[in-house]
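In what follows, chains are A, B, ... by sequence order, proteins preceding strands, each numbered from 1.
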Protein chains: 2
Amino acid sequence: MSALEYTPYVADCPSRQLLDRIGDRWSVLTIGSLVDGPQRYSTIANRVEGVSQKMLTQTLRALERDGLVTRTVFPEIPPHVEYELTDRGRSLRNVLEPLERWATEHMDDVAESRAEYDAR
Amino acid sequence: MSALEYTPYVADCPSRQLLDRIGDRWSVLTIGSLVDGPQRYSTIANRVEGVSQKMLTQTLRALERDGLVTRTVFPEIPPHVEYELTDRGRSLRNVLEPLERWATEHMDDVAESRAEYDAR
DNA sequence: CGGAATCCCGTCGGATACTG
DNA sequence: CAGTATCCGACGGGATTCCG
C-alpha cells in the first residue's frame with residue numbers, strides 16, 4: 001500500500017528520481033544489452049555504441065546499487081567481470097522493451113511530423 | 001520494413017535521439033498529465049510539480065513537433081491554450097504508463113537495495 | 001494567461017592519462 | 001581487461017524580466 005503513496009508528479013517524491021534514472025539514455029540501452037544473459041564489460045561497451053567508459057561504469061554502478069544488475073568479478077588475469085540482470089532488472093526490462101520498440105516503430109512518422117512542423 | 005533498420009544501440013541512429021526525447025523526465029510527466037483529456041497550460045504546470053515554465057513550454061513544443069500533442073489557441077482575452085494527446089501520443093502513453101507504474105511499485109525495494117549497497 | 005528572451009550557474013559527460 | 005582520477009567545455013535548465 002505504501003507504493004500507492006508514491007507519485008512522480010510530486011517534485012520531491014523519490015519515485016521521480018527513480019523515474020529519471022530508469023528513463024535515462026544509457027540505463028535503457030545498458031539494460032537492453034543484458035537481455036540475452038550475462039555480459040562482460042567490454043561486450044556491453046561494444047553493444048551500446050558511443051557510450052564512454054566513464055558513463056558506462058557510472059551507469060552500471062547505479063544499476064547495481066538499485067539492485068537491477070549484479071556484478072561478478074572472476075579472479076583472473078587479465079580481469080574478467082560479468083554483469084547480469086537481476087529479477088528486478090528483468091521486470092524493468094519488460095517495460096522498457098515496449099518503449100524501445102515504440103521508438104523504432106514510430107521513427108518514420110515522427111520524422112515526417114518534424115518535417116511538416118519545420119516547414120511551416 | 002524500414003522500422004526494422006532503426007536501432008537505438010547505434011550511435012547516430014535517429015531512434016536514439018527519439019528515445020532520449022520520449023524517455024525525458026518532463027516529457028514522461030507532461031504526457032501523463034494529459035491522459036484524461038485536453039488541458040490548459042496552467043493546469044499542466046500545476047500537475048507536473050516543479051517544472052519551470054521554460055522547460056514546460058520547451059517540452060510541449062517538442063511534443064507538438066513530434067506529432068504527439070496538438071496545441072489549440074482560443075482567440076480570447078486573456079489567452080486560452082489547450083494541449084491534447086494525439087493518437088500517436090496516446091500510443092506512447094500506453095508504453096510510458098507501465099514505466100511510471102514500475103517506478104512507484106518498486107520504489108521501496110530499490111530504496112532498500114540502495115541502503116544495503118551504501119552500507120557495505 | 002501563456003508565453004518569449006536573456007542571463008547565468010551547475011552538472012553532465014567526453015577526452016585523456018594512469019593503474020592493478 | 002576493467003576500471004579510476006582529473007580536467008574542462010558544452011549545455012541543460014532555473015530565475016528573472018518583459019510582452020500581446
Between B:E97 and B:R90, is there a salt bridge with N-O shorter than 4.0 Å?
no
What residues 37-53 of chain A contributes to the DNA chain C interface at heavy-atom separation below 4.0 Å is A:S52, A:Q53
Reckon B:R25 touches a base, only the sugar-phosphate, or nothing at all at heavy-atom distances under 4.0 Å?
nothing
Pick base, sugar-phosphate or nothing for B:P79, based on heavy-atom distances below 4.0 Å to the nucleic acid.
base
Which of these nucleotides, C:dG3, C:dC1, D:dG3, is closest to any side-chain atom of B:Y83?
C:dG3
Quick one: which of C:dG14, D:dG3, C:dG20 gets closest to the side chain of A:V81?
D:dG3
How many whole angstroms separate atom CG of B:D20 from atom C1' of D:dG12?
13 Å
side-chain contact (heavy atoms from CB on, under 4.5 Å) involving A:E84 - partner list, sequence neighbours excluded
A:P38, A:T70
Value in whole Å for how far the P atom of D:dA2 lies from CD of A:Q58
19 Å
I need the minimum non-hydrogen distance between B:Y6 and A:T104, along with the two atoms involved.
O-CG2, 3.4 Å
Between A:T43 and A:Q39 the two heavy atoms that sit nearest each other are CG2-OE1, 3.4 Å
Closest non-hydrogen atom pair, B:S15 against B:P8
OG-N, 3.1 Å
Counting side-chain heavy atoms from CB outward, which of D:dG3, C:dG3, D:dA15 is closest to B:K54?
D:dA15
Shortest non-hydrogen contact between B:G32 and A:Y9, atoms and distance:
CA-OH, 3.1 Å
Kindly point out which of D:dA2, C:dC1, C:dG3 is positioned nearest to the side chain of A:R71?
D:dA2
